[in-house]
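Notes follow once the structure below has been shown.
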Amino acid sequence: MSTSLLSGLNPPQLQAVTLPHQSALILAGAGSGKTRVLTTRIAYLISTGEVSPQGILAVTFTNKAAKEMVMRLSAMLPINTRGMWIGTFHGLCNRLLRAHYREANLPQTFQILDSADQLSAVKRVMKALNVDDEKFPPREMQHFISASKEQGLRAHEVEAYDPYTRRKVEVYAEYDAQCQKEGVVDFSELLLRCHELLVRNTALREHYQQRFKHILVDEFQDTNPLQYQWLKLLAGKNNSLFAVGDDDQSIYAFRGAHVGNMQDLLRDFNVASVIKLEQNYRSHGNILDAANALISNNRNRMGKKLWTSEQGGEKLRVYEAPTDVEEADFIVNEIAHLKSEGMSLSEIALLYRSNAQSRVLEHALVSKGLSYRVYGGLRFFERQEIKHALAYLRLMENTDDDNALLRVVNFPTRGIGARSIEQLQEAARINNTTLFDAAARAGGKVAGFVGLIESLKSSTQNLPLPEIIDHVLVHSGLIAHYQNETGAKKREAEERLENLKELLTAATLFVHENEDDSLTSFLTHASLEAGEHQAGDQEDALHLMTVHAAKGLEFNAVFITGLEEGLFPHQNSQRVDGGLDEERRLMYVAITRARRRLYMSFAQRRMLNGQVNYGVPSSFLHELPDDMLQWLSPRAMQRNPFEAFGYATPAPSRSPFAPAGEGLGEKGVGWRVGQRVMHQKFGEGVVTNTEGGGKDGRVQVNFKHAGSKWLALEYAKLETL
DNA sequence: CGCACGTGGTTTTTT
DNA sequence: ACCACGTGCG
């Protein structure tokens, strides 16, 4: 093999890459070359003849990461990466289920429900079962089902000791039955079904166990219990599981990720030693030291301390603004300055804890004329018009897909109203068929719809994919529908038409890039890679995104905004066990995105949910060593940080948020927002909000140690400070 | 059928 | 403040 493959690796990286055939856990810190290690290991295994490309199974969480891996691998080795099993958990499970659809008891053209599809499917089940959606909010129901599946539990396996849970289990069971009848699977079902297939089918399991000698997993800290079970099953007794992850960057517990999988892996696979990648190639020393200091406040870490040869660097800049608007102004000015110094906008990121915070920032950016791009939000394949188009295509593939039928049976409107649909559903229920079957037996306009689908099917047979879609767009009436929009909706309709055109482009591209260019394959692509298709990122633009979305990225300059107690760390995290630790990891992720310059800012007052909120600076700021910080605003943290943050002086009576002459936050409760108070049990704090008056009055107090709490004035004994 | 108005919710999210 | 969703009316 070529020695160049391994050159430039540091000792632990080299050790990881060249490990013998054994299971391993690689604890890879931020910016420590994790992806490089992963891809180089694959290249190493193949080029030494240890394993053939077919014997590799490499799993990631996102399509982006999978693509990156494939790209780097093809650059390293002169092999055809097509056909290699490198992909997301969902993508790989899909592949397996498609290959063995009969054994998995699925139709060949089974469709994949995204979250929105799943929600409407849940709602339909609940309606059919007469479930009170006040007592059982559909969203919660959906979460219950997904969460159960991610634990590897079918409805009958869920422990239900109370009537409430039993009812949910009932819905879960019926939901699964409905999906089975309609030939659709949701995201977690892909994994669970695949797992069950391998558990039950010994021959199949052994076949894949024989095949995948080396299994490699990226971002292992984000795996949920079902994903871990799946990996364990495929690894069997003889294969090696090479897991790369960072417990300090585990920020997805809220959606079922189980960091404990890292410890479990050590035990289940008898991992002899954990290899730590601690040399960071991304950030300057100060940034790294600050991150280390912050994360050292977490308990139960596997233990890891990043270091860099790039010692020192700039201090971390901290800015306190009176209001969120002024915070945004400061940031925008700072960015304009950086730009004038030659930094390109795309090298700068603006991070926030929650999406709502982007509004103020965007406003400031627009007025300053700086181009930016907000990441996250509505994805291409999730747009209404695209979903409509896909629904027609799905129905053509699989007429049992009731979700798809309901979406387009009367869109564009063809006179099939709520009444006709109810009749259809009733007929389907009585005869135990799907809606399309019921529709096929109906007359009138419904029959017309059935005819439309049949004619779309027959007239597009053997056409290439883009032509199929083009035909459907025209003959479904979608194009005409949007073309006929006038008045207020005209602009919106034009954009939708653009997107439909873009769908054709996406299909053309898909045909070029994929060997399997069937409609089923394209529909799967649309479900599993909803976000991949994004237009317009050529321009040099700032990156605006949540901290979550920033994981895995890096920038020369990073702004972490809204560093206020209750926002970041977020209020709701207090209710969750280990919530604060996860918030701290989130902050750790945020800090470690920066290469050279890091700004952290907060505001004294902020408009939140239509209300003025008075915040105190994030406790995370206190956890950063003073000597690494450079304060850009007058108010500095000195001997007693809390002292510096309290609002000993009354808040000004005029603020951007308060009409002139009115006392701030004065609602008759007798406490003023900004007032420092003492509570017998919770100690020192600052009033951040008030509500009601007299006996019913409540105040929100942000306590120094106990966090933020709402207190009923009737009971709370508060004293002024 | 489509619009107008009212109501509730509001952390993070990939697949 | 804002948005998404649901209901009721023309």
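Residue numbers start from 1 in every chain, and the chains themselves are labelled A, B, ... in the order their sequence lines are given, proteins ahead of strands. Scope of the values below: all heavy atoms of this structure, side chains included, with no hydrogens, waters or symmetry mates.
Rounded to an integer number of Å, the gap from CG of A:Asp133 to P of B:dG8 is 13 Å. Atom P of nucleotide B:dT14 and atom NE2 of A:His143 are separated by 15 Å, given to the nearest angstrom.
Listed pair A:Arg255 / B:dT11 fails the phosphate criterion, with no side-chain N or O lying under 4.0 Å from OP1 or OP2.
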Inset, instruction - Classify every nucleotide of nucleotides 2-10 of chain C by which part a protein heavy atom approaches to under 4.0 Å, writing B for the base, S for the sugar-phosphate alone and - for neither, in 5'-to-3' order. - result: SS--S----

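Note on A:Phe254: a base of the nucleic acid sits closer than 4.0 angstrom, heavy atoms only. Counting any heavy atom pair closer than 4.0 Å across all strands shown, A:Asp114 reaches no nucleic acid atom. Contact annotation for A:Ser115: base contact, defined as any heavy-atom pair under 4.0 Å involving a base atom. At the heavy-atom level, A:Asn410 lies under 4.0 Å from the strands shown only through sugar-phosphate atoms.
Cation-pi geometry between A:Arg383 and A:Phe380 is not met: the NZ or CZ atom fails to fall both under 6.0 Å from the ring centre and inside 45° of the normal.
For the P atom pair drawn from C:dA4 and B:dT13, the interatomic distance equals 16 Å after rounding to whole Å. Comparing the same atom, C1', in C:dC3 and in B:dT14 gives a spacing of 23 Å after rounding to whole Å.
Checking B:dG2, B:dT13, B:dT15 against every side-chain atom of A:Leu528, the shortest atom distance belongs to B:dT15.
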